[in-house]
Engineer: 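Take this structure first; my questions come after.
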Amino acid sequence: MTQKTSLESETSASATTTLSRRNFLRTTAAGAAATALGNFTIFSRQARAAEPLRVLCWPGYEERDVIGEFEDLYKTKVEFKIYIGGEQMLQFFAQTPPGTFDAIISDAEYVQKLKASKAIDAYKTDGFAELANYHPKFRDFSPTKGEAAGTVYGIPTRFSFYGISYNTDEMSAEEATDWNTLLDQKYAGKIGMFDWYLPNLGNASLAINPGNQTPYTISDDQLAKVKEFLTKLRPQIGMFGSSNQPIAQAMLAGDIVASPTGDLDIDLKLAGYDNFSSTIPKQGGIRWQEVACVCSASKNKDLALEWVKYMTTPKVQSKLVYTKAFKARGPNMKIVDYWDDEQKKLLSYVPDPQNPGKMLVETLIDRSMPRGLPTNQPEQAWIDIFNEFKTA
């Protein structure tokens with residue numbers, strides 16, 4: 001691709017409507033979600049079925065390319081209610097009568113909150129043949145394991161990373177593999193940050209305790225060191241973005257050169273800018289993932305389970321992670337069978353020259369840890385640290 005030179009004239013809809021999951025959630029999806037508060041948003045073209053499947057989910061799952069084959073196969077209709085963020089998901093669920101939803105797409109860390117409210121059931125994974133094609137970190141996914149052997153509360157369907165996104169004209173690939181690079185004086189005021197405590201404190205936890213498989217399960221002393229790392233990082237922060245869009249725009253304008261947000265390069269490349277990249281630092285980075293859950297009060301659990309199985313297939317994931325809403329990645333490694341070479345390259349499903357026999361996305365998965373909730377301290381303690389960091 002040829003790098004564009006005029007931000008105002010060249011980014012247009014291509015850059016501004018697909019600048020990320022968070023951009024979509026905060027902007028375009030806001031109107032849709034507001035509409036969905038009162039009624040389900042129906043995307044099926046078929047006539048209403050007697051027993052439709054009702055799903056509470058992030059944007060993308062409702063697109064016809066994703067759900068159409070399921071509706072045709074089961075001669076049913078799927079109704080979707082779209083939410084924006086885990087807290088809104090919990091709010092939507094609490095505001096509806098039991099049995100309203102049959103399935104939920106949840107961020108993995110919110111599964112424990114759904115379990116605590118008895119909103120979802122564990123289900124057996126035998127019969128889910130496609131799990132054999134999942135990357136091992138998603139096949140045996142500890143955040144959603146059930147109490148009984150062979151059961152889960154949710155199976156991953158879509159994921160991506162909070163690594164370092166950077167301008168390759170300003171930061172080298174080698175520099176981007178170390179969180180401590182962000183502390184370099186030459187980047188003072190040149191780092192942009194997404195305004196949310198969970199991924200940022202998780203990444204800081206890994207920066208001070210490399211390779212920790214549970215970065216949200218740390219001692220008070222370790223949390224104090226996380227705070228120290230953030231204190232050192234504060235002079236480097238030139239902006240906080242409520243979504244990915246302003247961070248990406250600032251990168252295009254040259255106001256910032258890097259961000260611990262990850263994946264900003266995907267939509268920038270699609271918009272025609274080839275001087276951006278992203279990676280997971282050697283110490284590790286945070287990974288978000290969505291999981292498919294079955295509601296406890298559903299009267300349509302058999303069909304809900306069939307829908308979960310459907311969402312594990314590589315063909316469906318190949319479309320789910322390449323929706324109009326935003327681009328992400330799929331845990332089924334057979335997804336590459338349904339993509340062209342450009343899609344594989346864009347989403348890192350290509351050979352990793354540093355690790356023969358592995359795709360680059362597999363290396364990034366291996367270096368990343370699931371986003372979670374604090375376990376040894378109250379959430380508010382972590383939120384307070386981040387707020388103090390922001391206002392310093």
Side-chain angles (χ1 to χ4, degrees), residues 21-22 24-25 29 32-33 36-37 40-44 52-71 77-96 100-115 117 119-123 125 128 130-131 134 138 141 143-144 152-160 287-298 300-301 303-313 316-332 335 370-372:
R21 180 177 196 242
R22 295 295 174 186
F24 180 84
L25 301 177
L37 276 167
F40 283 101
T41 303
I42 311 302
F43 294 88
S44 170
L53 189 73
R54 296 182 173 94
V55 179
L56 179 62
C57 65
W58 283 99
Y61 292 82
E62 80 286 357
E63 293 188 16
R64 178 65 186 176
D65 282 350
V66 176
I67 196 59
E69 191 173 332
F70 180 86
E71 292 181 316
K77 169 191 276 292
V78 184
E79 301 178 353
F80 296 90
K81 190 166 187 176
I82 308 302
Y83 70 80
I84 306 170
E87 294 304 320
Q88 190 178 75
M89 178 266 292
L90 295 174
Q91 178 188 14
F92 279 12
F93 189 87
Q95 289 175 344
T96 55
T100 299
F101 300 107
D102 299 298
I104 300 175
I105 292 293
S106 172
D107 283 321
E109 66 269 25
Y110 279 86
V111 165
Q112 59 185 284
K113 293 190 176 186
L114 290 170
K115 285 170 55 180
S117 63
I120 56 176
D121 279 349
Y123 53 88
T125 57
F128 284 78
E130 286 296 341
L131 290 181
Y134 269 41
F138 295 110
F141 193 56
T144 62
V152 296
Y153 283 92
I155 290 177
T157 55
R158 186 166 62 175
F159 77 94
S160 210
R287 179 181 73 244
W288 64 262
Q289 45 275 297
E290 297 164 358
V291 299
C293 309
V294 176
C295 294
S296 300
S298 169
N300 212 358
K301 290 182 182 179
L303 187 59
L305 282 170
E306 291 303 316
W307 174 76
V308 175
K309 288 181 183 178
Y310 172 81
M311 295 309 306
T312 66
T313 62
V316 174
Q317 288 187 12
S318 73
K319 297 175 180 179
L320 174 65
V321 304
Y322 218 83
T323 61
K324 296 174 184 177
F326 63 92
K327 309 298 182 285
R329 295 176 170 91
N332 191 320
I335 201 170
R371 193 178 64 204

Engineer: As an exercise, state the distance from CD of Q289 to OG1 of T157, rounded to the nearest 0.5 Å.
Structural biologist: 10.0 Å

Engineer: Would you give the length of the straight line joining atom OG1 of T313 to atom CG of L320, rounded to the nearest 0.5 angstrom?
Structural biologist: 9.5 Å

Engineer: Is a side-chain donor or acceptor of D121 paired with a backbone partner of C295 at a separation under 3.5 angstrom?
Structural biologist: no

Engineer: Between Y310 and F70, is the ring centre distance below 6.0 Å?
Structural biologist: yes

Engineer: Does S117 use its side chain to pair, donor to acceptor, with the backbone of L114 at less than 3.5 Å?
Structural biologist: yes

Engineer: Of all the heavy-atom pairs spanning E79 and P52, show the shortest one and how long it is.
Structural biologist: OE2-CG, 3.6 Å

Engineer: Under a 3.5 Å distance rule, please check whether Y110 uses its side chain to pair with a backbone N or O of L90 as donor and acceptor.
Structural biologist: no

Engineer: Keeping Q317 on the side-chain end and M311 on the backbone end, is there a donor-acceptor pair under 3.5 Å?
Structural biologist: yes

Engineer: Do Q91 side-chain atoms and E87 backbone N/O form a donor-acceptor pair below 3.5 Å?
Structural biologist: no

Engineer: List the atom of F128, the atom of T312, and the distance in Å for their closest heavy-atom pair.
Structural biologist: CD2-CG2, 4.3 Å

Engineer: In Å and rounded to the nearest 0.5 Å, what is the CZ to CZ distance from R329 to R287?
Structural biologist: 11.5 Å

Engineer: Under 4.5 Å between any side-chain heavy atoms of V55 and I104, yes or no?
Structural biologist: no

Engineer: Please identify each residue that fulfils ring pair (Phe, Tyr, Trp, His ring centres under 6.0 Å) with F159, with sequence neighbours left out.
Structural biologist: F138, F161

Engineer: Are P143 and E109 close enough that some pair of their side-chain heavy atoms sits under 4.5 Å apart?
Structural biologist: no

Engineer: With heavy-atom distances below 4.5 Å as the criterion, would you say the side chains of K77 and L53 are in contact?
Structural biologist: no

Engineer: Identify the residue among I105, V316, I67, V78 that makes a side chain to side chain contact (heavy atoms under 4.5 Å, CB included) with Y61.
Structural biologist: I105

Engineer: Taking atom NZ of K319 and atom CZ of R64, what is their separation to the nearest 0.5 Å?
Structural biologist: 10.0 Å

Engineer: Under 4.5 Å between any side-chain heavy atoms of F141 and V291, yes or no?
Structural biologist: yes

Engineer: Check whether any side-chain heavy atom of F93 sits under 4.5 Å from a side-chain heavy atom of T100, and report yes or no.
Structural biologist: no

Engineer: Within the structure provided, determine whether V111 and C293 are in side-chain contact (heavy-atom separation under 4.5 Å).
Structural biologist: yes

Engineer: Specify the closest pair of heavy atoms between R158 and P59, including all atoms of both residues, with the distance to one decimal.
Structural biologist: NH2-O, 2.9 Å

Engineer: With side chains defined as the heavy atoms from C-beta onward, is the minimum distance between T96 and K81 less than 4.5 Å?
Structural biologist: yes

Engineer: Search all heavy atoms of G154 against all heavy atoms of T144 and return the closest pair with its distance.
Structural biologist: O-OG1, 2.7 Å

Engineer: Could you measure the distance from the OG atom of S106 to the CD1 atom of I120? Nearest 0.5 Å is fine.
Structural biologist: 7.0 Å

Engineer: Taking T323 for the side chain and G60 for the main chain, is one N or O donor matched with an acceptor at less than 3.5 Å?
Structural biologist: no

Engineer: Any chance you could measure F101, atom CZ, to N300, atom CG, to the nearest 0.5 Å?
Structural biologist: 14.5 Å

Engineer: Do R371 and D107 meet the salt-bridge criterion of a basic N to acidic O distance under 4.0 Å?
Structural biologist: yes

Engineer: Report the C-alpha separation of E63 and Y322 in whole Å, then their side-chain angles, then the decisive distance to 0.1 Å, and conclude whether the side chain to side chain donor-acceptor pair (under 3.5 Å) test is met.
Structural biologist: CA-CA 11 Å; E63 293 188 16; Y322 218 83; over 6 Å; no

Engineer: Could you walk me through whether D102 and L303 pass the side-chain contact (heavy atoms from CB on, under 4.5 Å) check?
Structural biologist: CA-CA 9 Å; D102 299 298; L303 187 59; over 6 Å; no

Engineer: Restricting to side chain to side chain donor-acceptor pair (under 3.5 Å), what partner residues turn up for Y123, sequence neighbours left out?
Structural biologist: none

Engineer: Please check if the side chain of K309 supplies one atom and the backbone of A304 the other of a donor-acceptor pair under 3.5 Å.
Structural biologist: no

